[in-house]
Amino acid sequence: MDQFVEDLLAKMTLAEKAGQMTQLTIDTVANGKAYKLDFPLKLNDKKLVEVVQKYAVGSMLNVGPLAHTTSRWREIMAAIDKQANKTRLKIPVLYGIDSIHGASYVMGATLFPQQLGLGATWNRDLAQKMGEVSAYETKAAGMPWAFSPVLDLGRNPLWPRIWETFGEDVYLAGELGSATVRGMQGDNIGHPHKLAACLKHFLGYGVPLSGRDRTPAYIPARQLAEYHVPPFAKALAAGAATIMINSGEINGIPVHSDRSILTDLLRDELGFTGVVVTDWEDIQYLHNRHRVAESQKEAVRMAIEAGVDMSMVPLDFTFTDYLIELVEEGTISEDRLDLSVRRILQLKKDLGLFQGMVEPQEEYPLFGGTEFKESSLEASRQAIVLCKNEKGALPLKKADKVLLCGPTADTLRSLNGGWTYSWQGELTDEQSLPFSTILGALENKLGDRLSYEPAVSFSEEIDIEAAVKAAQNVDVIVTCLGETSYTEFYGNIDNLSLDVAQLDLVKALSKTGKPIVLILLEGRPRLIGEIADLCQAILVGFHPGNEGGEAIAEILTGETCPSGKLPITYPKYPNALSTYDYKHPENLELQGVLGGFKPQFEFGHGLSYTNFAYSKLMLSQNNVHENDTIKVSVEVKNTGKIKAKEVVQLYLSDLYASITPPVKRLKRFEKIELAAGESKVVEFHLTKDDLAFVGRDNRWIVEPGTFKVMIAGLSTEFVLQKTSTMASA
Ligand code: BGC
């Protein structure tokens, strides 16, 4: 921490320190009521004076009912800054915003696929690019802090925030998450085009037992360490400046009150020195939702003692008042507050906020322009997964007459998902006007070979008769199903299956005998077991962003060769929701009883319009010692007729271990592009960290024994020799 920060801290009163640790929503300084602000948003000077001058609030967040233009955002930032400049110490207010798949609260910004879609690209460069563009365009609107990326693992497909994750795998999430952080922050968060990232939601948020948002999770310590910590650790190592806490509870302990996670693990083990912010209202929830604190004041004490630096209160001054009281009565020491305030002031200094909040608009000539559009279109193309393609159903033939139907065919909401212009994304169709839905993009490409049968409803009756009638005159039916946009608990479901009305549409259409191409735009893998066999081709798009309509149309027509791979297991049955890295006894079929691992589509699956042949899987050695680096190489050949991208995936299986080993784990991947007929040798390097797991005493260990390396259909083995420091398997 530097001298500037120490000098400033020394001048601060207790109330000013408590103010710095307070974060309020923009609702508290705008006209109207919380959650029901007047539209268009208008700041209220009297409220601003109270929040910024009287309470010396250190941070603000959020947007109000709808996204703003860059100039409106700049006015908002200037109005807040003006008040901060009138305070005794002129400490700037740090503004944070949910820039989720781009600067999603800035009108005209470039919107990429949601994280699950980015996960499907398996492309670190695209994740980094999303981070860069998101930071650039958020800063163009004057905001220096983005609540992104999400490092939670999506391992319960019912959870309504699956689409906000990079999927179910530890390695994939860590790689793409750290690439996103590098894109957002670069090596200087004070650069005009960079900002502070905020990893969320630490820790174990993605696996609520019920599948419903913010409901209890039960995670063994070993699994927490082996699965949930590493993606965060990698993104922290990439320099993430801030982190947000999981609103849920693990094993009966709300994470906001858990010192072993927020301090022992995050600070002492992982060495994090940045700012820890709570999630929305979560200190209050320790009292009125989780019921571990008997009063609001006790809740504040718990969270501060657990290790929180800043409370996203965010609607009143209770946190600030209780914090002051707790120090005055001697329950919390002022030194404890100093720890947090130092981190907050340092963050503000690193962001350059003391030199003035907002860079001139001229710094951002690329905002919303063609260069960024091209990157987001490329991300959308690579985010779409061709899961099934029988009898060459895709790409469409030049002369094919096509019927397009289904509830996601003509809506930008399903392309973008939540966190798009508003929290729930419900206004996307009005706000994303220059972008094409699937219908718009296909019309451009197919002209009068395309006919369209609208279906406005997702869950109520769809006019099936009209669709069946329209299908009589075409060669191929493209039916677009899935979900509309939702965020957090608004997306809770009781049934993972796709809505009956949508299933019925496909069942009826299949009776026409015409080939069906199914396109799924959805935030999580909704079950399609009843209709998958009725469709010749299946494209899973998740939420591919504003360019998703164009990208899907390009894939349908063959202009783009699909290269996405599933970042999550696509389940087939409601009671078989295992992830790809399940344990051997989960595959009961091997023992001749019901209960095999038979997902609809496996994690890592994704077809192409060409074929790739894998050969010559080789290891540098078969006998390995603990400190060796094992070189793995494989040759990949594009045996088809077109240039295409392929994701080379390396999985490892520890054959016997003192903790039941999973069948396999992803350890490396590389996305490559090969011209027709071209081949390439891809090389990976594994070290002992890749062979380690969390053992019976909850510590990382490496055990000697045989490991199997698998790439595509090939496999080979090596033996890790026992050394004197190792335990036996
Ligand atoms: C969400 C966070 C988000 C925050 C601020 C919360 O409800 O869980 O992901 O960053 O709100 O909008």
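Just so you know, these numbers come straight off a predicted model, no measurement behind them. Ligands are counted one by one from 1 in listed order, and the atoms in each one are counted from 1 as well. Counting from 1, the numbers follow the sequence of the chain as shown.
Proximity of the aromatic rings of Trp419 and Tyr421 is defined here by a centroid distance below 6.0 angstrom, and this criterion is not met. For Trp280 and Phe489, the gap between ring centers reaches or exceeds 6.0 Å. The six-membered or imidazole ring of Tyr95 lies near that of Trp73, with a centre-to-centre distance under 6.0 Å. If you look at Tyr364 and His193, their ring centroids are closer than 6.0 Å. Between Tyr136 and Phe372, the distance from one ring center to the other falls under 6.0 angstrom.
For residues 170-192, the salt bridge (Lys or Arg N to Asp or Glu O under 4.0 Å) pairs, not counting sequence neighbours, are Arg124-Glu175, Glu175-Lys234.
No side-chain donor from either of Arg155 and Tyr227 sits under 3.5 Å from a side-chain acceptor of the other.
With a 4.0 Å heavy-atom cut-off, ligand 1 is reached by no atom of Val150.
Asp98 OD2, 2.4 Å is the protein heavy atom nearest to atom 12 (O) of ligand 1. Distance from atom 11 (O) of ligand 1 to its nearest protein heavy atom, with residue and atom name: Asp279 OD1, 3.4 Å. In this structure, the protein non-hydrogen atom closest to atom 7 (O) of ligand 1 is Glu488 OE1, 2.8 Å.
Considering backbone and side-chain N/O atoms, Arg161 comes within less than 3.5 Å of an N/O atom of ligand 1. Some N or O of Lys200 is nearer than 3.5 Å to an N or O of ligand 1, by distance alone. Geometrically, ligand 1 and Asn62 share no nitrogen or oxygen pair separated by less than 3.5 Å.
Listed by atom number, the atoms of ligand 1 under 4.0 Å from Trp280 heavy atoms are 6 (C), 7 (O). For ligand 1, the atoms lying closer than 4.0 Å to a non-hydrogen atom of His201 are 2 (C), 8 (O), 9 (O). Close contacts between ligand 1 and Leu61 involve ligand atoms 5 (C) [criterion: under 4.0 Å to a heavy atom]. With ligand atoms numbered from 1 in the order given, ligand 1 contributes 2 (C), 10 (O) to contacts under 4.0 Å with heavy atoms of Met244.
A salt bridge does not link Asp38 to Lys33: none of the charged side-chain nitrogens sits closer than 4.0 Å to a carboxylate oxygen.
The shortest heavy-atom distance from Glu164 to ligand 1 is not under 4.0 Å. In this structure, Glu281 falls outside the shell of residues with a heavy atom less than 4.0 angstrom from ligand 1.
Nearest heavy atoms, Ala383 versus Ala120: O-CB, 3.4 Å.
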